[in-house]
Amino acid sequence: LNEIQVKGKTDTPNFSLDPVGHPVPLHTDFSATVDGTDGDTYLHPVKATLGKSVINCEGSVTHVPNQGHLIQLNVDAPNARIEDMLALAINSDKPFMMGPARIKAKLTIPPGKMKVLQKMILDGKVSIENANWSDPKVRDKLESLSRHAEGKPSDEDAGSSVANLTSDFKLDKAVINFRNLTFSVPGANLDLAGNYDIGEGTLDFNGHLRLQAKLSQTVTGKKSFFLKAVDPFFSKEGAGTLLPITITGKRDAPTLGVSAFHKTFKRSLGGDDKGDSSSDSDDKGKDDKGKDAKDKSKDLSAKPTKSEPKN
């Protein structure tokens with residue numbers, strides 16, 4: 001009774017992580033050793049198929065007195081599909097990204113009555129190659145970024161939205177922290193770090209944008225001519241152009257912020273471009289001066305006039 005060998009299969013047609021995401025079919029083939037004295041279970045390599053993704057796991061499910069069960073698994077998915085993983089984490093009819101992925105991580109689910117997503121910890125590394133995008137507007141904007149980054153802004157046939165991504169990550173309390181994240185399309189490479197809140201669907205990243213082309217080569221005409229004078233200031237660390245950037249906002253319509261010439265230029269990467277804008281460090285001062293001038297004008301207009309002398 002100390003060691004009971006168990007083998008079997010499971011099928012869960014609507015596996016999901018409440019309260020987000022969409023159900024995905026899950027099939028497992030498993031073998032395990034169960035300790036008959038306390039019920040602790042030790043999983044030998046378990047083969048799980050999530051959608052079209054094959055995931056190999058091994059680890060244990062052990063009893064914690066007066067609390068419940070502690071799950072600890074080593075996860076290896078060398079032939080996964082990123083759309084299967086995104087379906088679990090994003091409440092959308094169609095995953096925004098599709099492509100082959102490699103994931104290696106350690107999964108810990110401590111005992112407790114919280115939702116699994118709120119208490120699970122997933123610490124590992126992900127690599128995605130030749131990713132494609134379901135939203136045509138996102139594809140168009142990434143193609144435009146690629147085209148300009150390659151120094152071919154007027155060539156409509158240049159540029160590509162096919163992307164590669166690698167990152168170390170840690171999921172904790174439904175927030176994914178990305179470390180050393182690199183995202184690239186032909187001609188452009190982004191080095192980022194930041195967080196993605198699964199529940200809120202919000203992004204908060206900062207880093208650098210590296211372009212193959214010099215800044216003057218990303219535009220045409222008079223702008224290109226005048227920017228040649230400042231190319232040396234932005235050509236750094238082997239890049240034609242190196243710029244500080246931020247990516248913030250909602251997952252469905254993130255905003256890219258690029259800093260240059262003491263200004264931050266913002267562009268929406270989803271939906272329309274109505275949110276495109278620019279700001280600089282002097283804006284606040286200008287606004288304050290304008291407010292002071294208005295207040296002063298208001299004070300002067302409200303100042304009482306001298307009364308007429310009596311006869």
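Both backbone and side-chain heavy atoms feed into the values below; hydrogens, waters and symmetry mates do not.
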Just checking, any donor-acceptor pair under 3.5 angstrom between side chains of Asn132 and Asn130? no
May I ask you to say whether Arg179 pairs ionically with Asp123, meaning some side-chain N is under 4.0 Å from a carboxylate O? yes
Any donor-acceptor pair under 3.5 Å linking the side chain of Lys119 with the backbone of Gly112? yes
Just checking, is any N or O donor in the side chain of His63 or Asp40 under 3.5 Å from an acceptor N or O on the other one? no
Test your reading of the model: is there a side-chain donor-acceptor pair from Ser224 to the backbone of Ser216, 3.5 Å cut-off? yes
Do any N or O atoms from the side chain of Thr41 and from the backbone of Gly39 form a donor-acceptor pair under 3.5 angstrom? yes
Taking all heavy atoms of Val162 and all of Pro186, pick out the closest pair and write down the distance. O-CD, 3.6 Å
Check the hydrophobic clustering (I, L, V, M, F, W, Y; side-chain heavy atoms under 4.5 Å; chains of links allowed) and say if Val46 and Val54 are grouped together. no
Less than 4.5 Å apart, any side-chain heavy atom of Asn74 and any of Lys106? yes
Interatomic distance, Lys170 atom NZ to Asn195 atom CG [nearest 0.5 angstrom]: 12.0 Å
How about Val34 and Glu3: do any of their side-chain heavy atoms sit closer than 4.5 Å? no
Within the 4.5 Å heavy-atom criterion, are Val6 and Phe30 side-chain neighbours or not? yes
Indicate, with yes or no, if Met114 and Val64 share a hydrophobic cluster defined by side-chain heavy-atom contacts under 4.5 Å among Ile, Leu, Val, Met, Phe, Trp and Tyr. no
Check whether any side-chain N or O of Gln72 sits under 3.5 Å from a backbone N or O of Ile109 as a donor-acceptor pair, and report yes or no. no
Does the side chain of Thr62 reach to within under 4.5 Å of the side chain of Asp38, using non-hydrogen atoms? no
According to the interplanar angle, ranging from 0 to 90°, do the rings of Phe169 and Phe178 count as parallel (below 30°), tilted (30 to 60°) or perpendicular (above 60°)? tilted
When rounded to the nearest 0.5 angstrom, what is the spacing between CG in Asp11 and OG1 in Thr28? 7.5 Å
Below 4.5 Å, heavy atoms only, C-beta onward: do Leu243 and Phe234 meet side chain to side chain? yes
Quick one: does any side-chain atom of Thr241 pair with a main-chain N or O of Ala213 as donor and acceptor, under 3.5 Å? yes
Give a yes or no on whether a salt bridge exists between Glu237 and Arg210, defined as a side-chain N under 4.0 angstrom from a carboxylate O. yes
Return the NE2 to SG distance between His44 and Cys57, rounded to the nearest 0.5 Å. 14.5 Å
Evaluate the side-chain contact (heavy atoms from CB on, under 4.5 Å) criterion for residues Glu58 and Leu43: first the C-alpha distance (whole Å), next the side-chain angles of each, then the deciding distance (0.1 Å), finally the verdict. CA-CA 5 Å; Glu58 61 179 354; Leu43 301 171; 5.5 Å; no
Between the main-chain N or O of Glu200 and the side-chain N or O of Lys250, is there a donor-acceptor pair closer than 3.5 Å? yes
Please find the pair of heavy atoms, one from Ser134 and one from Pro95, that lie closest to each other, and give the distance. OG-O, 3.0 Å
Less than 3.5 Å apart, any donor N or O on the side chain of Ser146 or Ser160 sitting next to an acceptor on the other? no
Taking atom OG1 of Thr246 and atom CG of Leu209, what is their separation to the nearest 0.5 Å? 11.5 Å
Minimum side-chain heavy-atom gap Asn189-Asp191 below 4.5 Å: yes
Using 0.5 Å steps for rounding, measure from the CG atom of Asp197 to the CG atom of Asn177. 12.0 Å
Does Ile247 reach the side chain of Leu190, with side-chain heavy atoms less than 4.5 Å apart? yes
Restricting to non-hydrogen atoms, name the atom on Arg251 and the atom on Tyr196 that form the minimum distance, rounded to 0.1 Å. NH1-OH, 3.2 Å
Going hydrophobic residue to hydrophobic residue with side-chain gaps under 4.5 angstrom, can you get from Val116 over to Leu88? yes
Kindly work out whether a path of hydrophobic side-chain contacts (I/L/V/M/F/W/Y, heavy atoms less than 4.5 Å apart) joins Leu117 to Ile121. no
Salt-bridge contact Arg102-Glu129 (side-chain N to carboxylate O under 4.0 Å): yes
For the hydrophobic clusters of this structure (ILVMFWY residues joined by side-chain heavy atoms under 4.5 Å, transitively), does one cluster hold both Leu70 and Val61? no
So, do Glu83 and Leu86 sit near enough that their side-chain heavy atoms are less than 4.5 Å apart? no
Short question: side chain of Thr218, backbone of Leu215 - any donor-acceptor pair under 3.5 Å? yes
For Lys228, does the NZ atom sit with more than 12 other heavy atoms under 6.0 Å from it, leaving out its own atoms? no
Grab the two heavy atoms, one from Leu50 and one from Met85, that are nearest each other, plus how far apart they are. CD2-SD, 4.2 Å
Could you walk me through whether Asp204 and Thr248 pass side-chain contact (heavy atoms from CB on, under 4.5 Å), step by step? CA-CA 5 Å; Asp204 185 10; Thr248 57; 4.0 Å; yes
Heavy-atom pair with the smallest gap, counting every atom of Lys141 and Ser268: NZ-O, 3.0 Å
Report yes or no: does Thr255 contribute a side-chain atom to a donor-acceptor pair with the main-chain N or O of Arg267 at less than 3.5 Å? no
Between Leu26 and Val24, is the side-chain contact (heavy atoms from CB on, under 4.5 Å) condition met? List the steps. CA-CA 6 Å; Leu26 173 65; Val24 180; over 6 Å; no
Can you check side-chain contact (heavy atoms from CB on, under 4.5 Å) on Met120 and Thr108, steps first, answer last? CA-CA 6 Å; Met120 70 183 290; Thr108 302; over 6 Å; no
Between CG of Asp29 and OG1 of Thr10, what distance do you get to the nearest 0.5 Å? 8.0 Å
Between Gln217 and Pro153, what is the shortest heavy-atom contact and its length? O-CD, 3.4 Å
Give a yes or no answer on whether the side chain of Asp84 reaches the backbone of Lys52 with a donor-acceptor pair at less than 3.5 Å. yes
What do you reckon, is CZ of Phe225 surrounded by more than 12 foreign heavy atoms closer than 6.0 Å? no
